[in-house]
**Student:** 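Okay, here's the structure, questions in a sec.
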2 protein chains.
Amino acid sequence: MSASDHLNHFCSENICPCQEKCPLSTALGIIGGKWKIPILCALNYDGPTRYNALRKKIKGVTNTMLVTSLKELEADGLVLRTQYNEMPLRVEYKLTENTNNLLPILGNLTVWGKEIEN
Amino acid sequence: MSASDHLNHFCSENICPCQEKCPLSTALGIIGGKWKIPILCALNYDGPTRYNALRKKIKGVTNTMLVTSLKELEADGLVLRTQYNEMPLRVEYKLTENTNNLLPILGNLTVWGKEIEN
DNA sequence: GTATTTAGTCTTATTTTTCTGAGTAATTTA
DNA sequence: TAAATTACTCAGAAAAATAAGACTAAATAC
């Protein structure tokens with residue numbers, strides 16, 4: 001059976017099966033981890049949100065994990081941190097434009113997850 | 001800002017933001033872990049494949065991890081294990097029909113991953 | 001001048017995941 | 001009879017991820 005018999009090559013042209021770092025593993029690395037999806041989901045659901053509000057909204061998250069995850073999401077360009085130098089300090093997090101292409105894909109994954117749960 | 005202002009709710013209706021177990025986390029749990037994607041990718045690329053062939057194809061995987069991952073994928077209904085009682089024993093793994101809906105989604109994630117890498 | 005709020009930091013555990021590498025049973029090949 | 005192949009299993013170690021919880025600085029409110 002040759003490679004061209006398959007319609008759904010989800011990974012890269014000639015380096016399948018994912019023996020090297022591929023875009024798919026990049027993507028899953030970015031949204032992987034215990035708190036990334038809850039954060040994205042909260043920001044998508046409620047729009048720009050302050051640090052402490054996020055912490056209250058996302059049940060069970062600790063400072064350590066929330067800070068770490070937000071920093072990673074920011075570094076990966078999915079989340080924007082905006083600091084307002086008021087007193088008391090206000091810091092808001094929101095999704096970036098980059099995330100717009102991701103959300104429908106997560107929607108599809110959600111549908112698939114529902115199907116497989118049954 | 002009300003919830004209905006958002007077009008892309010990727011998670012469940014009224015339990016956002018993912019405070020409970022949601023279909024999206026189910027989906028990511030199934031395809032998460034270091035070796036799941038390489039396995040799915042190899043099986044998608046080459047069709048039904050024997051255990052030792054998989055092990056050779058997927059660089060760096062150990063018996064422990066390959067067996068564990070294959071068992072989980074089988075339990076989640078993504079991979080089918082077929083045993084032929086020849087001598088020497090032949091065991092083949094292949095993707096199930098269930099996986100067909102998943103592959104295009106992974107394709108989309110791959111495209112997104114490529115974009116974000118640049 | 002004491003307490004509170006905000007957005008975190010820091011250090012030390014604990015848990016989870018992954019790796020290492022040897023071992024196994026059944027059978028065929030040399 | 002020895003070596004090789006197949007599809008694994010298993011115990012222990014190392015590495016990575018996550019958790020717990022105390023602590024901080026700057027400022028305002030009481």
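So that the names make sense, note that chain A is the first sequence line, chain B the second, and so on, each numbered from 1.
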**Student:** Taking any heavy-atom pair under 4.0 Å as a contact, classify B/Arg90: base, sugar-phosphate, or nothing.
**Tutor:** sugar-phosphate
**Student:** Of all the choices, C/dT9, D/dA7, C/dG8, which nucleotide is nearest to the side chain of A/Arg81 once you look at every atom?
**Tutor:** C/dG8
**Student:** Look at B/Glu92 together with B/Lys94 and state whether they make a salt bridge at an N to O cut-off of under 4.0 Å.
**Tutor:** no
**Student:** Which whole-number value in Å describes the distance from B/Asn85 CG to D/dT6 P?
**Tutor:** 16 Å
**Student:** At under 4.0 Å between heavy atoms, which parts of nucleotides 19-30 of chain C does protein reach? Answer with one letter per nucleotide, 5' to 3': B base, S sugar-phosphate only, - none.
**Tutor:** BBB-----S---
**Student:** OP1 or OP2 of C/dA7 sitting under 4.0 Å from any side-chain N/O of A/Arg50?
**Tutor:** yes
**Student:** So do the side chains of A/Thr82 and A/Val91 get within less than 4.5 Å of each other, counting heavy atoms only?
**Tutor:** no
**Student:** Rounded to whole angstrom units, what separation is found between the CZ atom of A/Arg55 and the C1' atom of D/dG21?
**Tutor:** 11 Å
**Student:** Are there more than 12 heavy atoms of other residues, nucleotides or ligands under 6.0 Å from atom CD of B/Glu97?
**Tutor:** no
**Student:** Starting at CG of A/Asn52 and ending at C1' of C/dT6, how long is that distance when rounded to a whole Å?
**Tutor:** 6 Å
**Student:** Please check the phosphate of C/dT9 (OP1 and OP2 only) for any side-chain N or O of A/Lys71 closer than 4.0 Å.
**Tutor:** yes
**Student:** Tell me: CD of B/Glu92 to P of D/dA7, nearest whole Å?
**Tutor:** 9 Å
**Student:** Give the rounded distance in Å between these two atoms: CD1 of A/Ile39 and C1' of D/dT18.
**Tutor:** 13 Å
**Student:** C/dG8 P sits how many Å from A/Glu72 CD, rounded?
**Tutor:** 15 Å
**Student:** Please answer: with hydrophobic residues joined when any side-chain heavy atoms are less than 4.5 Å apart, are A/Leu66 and A/Leu80 in the same cluster?
**Tutor:** no
**Student:** Can you confirm whether more than 12 heavy atoms, excluding those of A/Gln83, are under 6.0 Å from its CD atom?
**Tutor:** yes
**Student:** Does D/dC8 have OP1 or OP2 under 4.0 Å away from a side-chain N or O of B/Tyr93?
**Tutor:** yes
**Student:** Applying a 4.0 Å non-hydrogen cut-off, can you work out what B/Tyr84 is touching in the nucleic acid: base, sugar-phosphate, or nothing?
**Tutor:** nothing
**Student:** Could you tell me whether the side chain of B/Thr110 reaches within less than 4.5 Å of the side chain of A/Thr26, counting heavy atoms only?
**Tutor:** no
**Student:** To the nearest angstrom, how far is A/Tyr51 atom OH from C/dG8 atom P?
**Tutor:** 7 Å
**Student:** Before you tell me yes or no, could you show the steps for A/Leu70 and A/Trp35 under side-chain contact (heavy atoms from CB on, under 4.5 Å), namely the whole-Å CA-CA distance, both residues' side-chain angles and the distance that decides it to 0.1 Å?
**Tutor:** CA-CA 9 Å; A/Leu70 282 171; A/Trp35 300 104; over 6 Å; no
**Student:** Could you check how far CG of A/Leu70 sits from P of C/dT6, rounded to whole Å?
**Tutor:** 16 Å
